[in-house]
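Just below is one structure, and these are the notes that go with it.
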Amino acid sequence: MNVVIVRYNAGNTRSMLHALRRLGVEAQVSDDAQVLRAADRVIFPGVGEASTAMQSLRRSGLDGVLPELRQPFLGVCLGLQLLGAFSAENSTRCLNVFDFKAEKFPASVKVPHMGWNALHFEPHPLFAGVASGAYVYFVHSYYVPVVPETVATADYPFPFSAAVARDNFYALQFHPEKSGETGARILKNFLDIQPGAGI
Amino acid sequence: MLTKRIIPCLDIKDGQTVKGVNFINLRQAGDPVELGARYAREGADELVFLDITATVEKRQTLIALVERIAATLDIPFTVGGGVRSVEDVGMLLAAGADKVAVNSAAVHKPELVDAIAREYGSQCLVLAIDARRTDTGWRVFIHGGRTATERDVLAWGREVVARGAGEILLTSMDHDGTKQGFAIELTRRFAEALPVPVIASGGAGTMQHFVDIFTEGKADAALAASLFHFRELEIPALKDYLHENNIEVRR
């Protein structure tokens with residue numbers, strides 16, 4: 001399977017490459033539109049700050065390429081937030097694949113939201129073989145509220161989007177590549193999703 | 001709900017795991033990658049690798065080790081020891097570390113904290129503070145606990161968080177290696193005063209010590225080394241015990 005990880009300035013590609021390798025998949029990393037369009041699966045990781053990440057995507061033209069992709073696409077962490085319309089992090093306009101907005105966690109809780117938190121979901125192909133309530137690893141200071149496209153939530157201190165999905169676009173706020181066996185299963189589930197299976 | 005984290009620490013010297021009592025008298029305890037993978041399988045929530053003899057010449061050994069750890073582990077890990085510059089942090093992150101711990105260098109040059117946070121984000125910056133009680137209160141010690149400074153520990157904690165540290169690893173040198181329990185009062189003062197997670201370190205000897213540091217000490221995470229290395233305490237049993245004591249943990 002031809003899995004391509006999006007190369008830009010905010011991608012933690014190495015962890016994702018290792019996680020895929022543990023699943024027996026040798027992915028490539030690219031910022032080439034042709035390579036991305038030809039991929040069977042595209043993974044869009046993200047660690048860092050929203051506005052510099054978007055600047056990088058605009059500079060390379062990927063801001064126009066990514067929303068047009070039609071194969072199963074997985075945003076991770078900042079990669080989820082950047083798929084929305086807007087992030088409160090330095091008032092950043094994002095890719096607008098989804099129309100949600102990322103907000104900053106309130107000062108009433110410790111920020112970043114860092115550590116293992118329980119994932120709550122109704123049955124969904126991303127979570128096949130995973131029990132609702134399983135723990136996954138989060139590190140983030142901004143969150144996406146619960147929206148119609150939310151397919152999993154976590155609580156900190158209120159429910160927020162831990163995963164969203166629509167059409168071929170899937171995204172996880174947590175780090176599947178750092179979430180032990182649960183995370184590995186979710187990554188595998190994404191790879192197993194058949195093109196056109198999105199709802 | 002966010003769980004309390006159990007963090008085994010692996011002290012590294014020349015690519016091997018060691019553990020000292022009060023930071024002296026090092027004892028050998030195995031291959032770091034093998035040990036780290038075992039901890040991950042047993043339910044460790046994160047790992048910390050501290051290169052206790054970090055020198056410029058040994059840096060490549062550490063980088064190679066971090067690359068091996070990153071390829072094997074499927075949980076987050078922090079690397080620290082001798083981190084002196086933004087470039088050091090960049091190299092460790094590029095090798096696959098999720099977070100980097102900074103200690104003495106930040107005391108010498110506090111602007112380093114701002115620079116790292118600006119370049120790589122607060123989420124990957126753990127500020128390690130070695131504390132020891134003196135006649136005039138808790139003070140920051142550096143160079144692996146060998147050198148006293150005039151800095152008050154909590155004032156230093158507030159400063160580094162203001163400068164961009166995303167997490168505090170608070171070690172009580174007075175408790176480290178004693179197995180008599182964590183520094184509860186000190187940890188609670190940090191956990192209540194600071195808006196970032198606090199990892200308590202130093203003094204773990206029994207499962208009840210972990211209950212105490214999470215309830216009375218309000219720590220977000222607890223770190224221990226030799227207790228786990230020498231299998232005096234098993235992580236699954238510890239997590240069961242915490243669960244029975246109404247502390248939410250990942251099991």
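Naming convention: chains lettered A, B, ... in sequence-line order (proteins, then strands); numbering from 1 in each chain.
Neither the backbone nor the side chain of B:A40 comes within less than 4.5 Å of any heavy atom of chain A. Using a 4.5 Å cut-off between heavy atoms, B:L93 does not touch chain A at all. Proximity to chain A is limited to the backbone of B:T72, based on heavy atoms less than 4.5 angstrom apart. For B:R5, the part lying near chain A is the side chain, with the backbone staying farther off; criterion is any non-hydrogen pair under 4.5 Å. In this structure, chain A has no heavy atom under 4.5 Å from any part of B:A221. Using a 4.5 Å cut-off between heavy atoms, B:P76 touches chain A through backbone and side chain atoms alike. The part of A:S179 that comes within reach of chain B is its backbone (N, CA, C, O), which places non-hydrogen atoms under 4.5 angstrom from that chain. Contact annotation for A:H175: neither backbone nor side-chain heavy atoms come within less than 4.5 Å of a heavy atom of chain B. If you measure heavy-atom distances from A:E49 to chain B, you find no contacts under 4.5 Å at all.
Using a 4.5 Å heavy-atom cutoff, the side chains of B:I75 and A:Y137 are not in contact. B:F77 has its side chain within reach of A:K178: a pair of non-hydrogen atoms, C-beta onward, lies under 4.5 Å apart.
For B:E111, the CD atom is densely surrounded, since the number of other residues' heavy atoms within 6.0 Å is greater than 12.
Looking at every heavy atom in both residues, B:D220 comes nearest to A:K110 through OD2-NZ, 3.0 Å. The nearest pair of heavy atoms linking A:G115 to B:L2 is C-CD1, 3.7 Å. Shortest non-hydrogen contact noted between A:V111 and B:V196 is O-CG1, 3.9 Å. The minimum heavy-atom distance between A:P112 and B:P197, with the atom names listed, is O-CG, 4.3 Å. Nearest heavy-atom pair across B:E167 and A:M114 is OE1-SD, 3.2 Å.
Here B:E248 contributes atom CD and A:N117 contributes atom CG; the two are 7.5 Å apart, rounded to the nearest 0.5 Å. In this structure, CZ in B:R250 is found 10.0 Å from OH in A:Y135, a value given to the nearest 0.5 Å.
Under the 3.5 Å distance criterion, the side-chain polar atoms of A:R14 are left unmatched by any main-chain donor or acceptor of B:A97.
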Checklist entry - For B:D74 and A:R22, what are the C-alpha separation, side-chain angles and deciding distance, and is it a salt bridge (charged side-chain N to carboxylate O under 4.0 Å, His left out)? => result CA-CA 9 Å; B:D74 59 4; A:R22 289 192 290 267; 5.1 Å; no

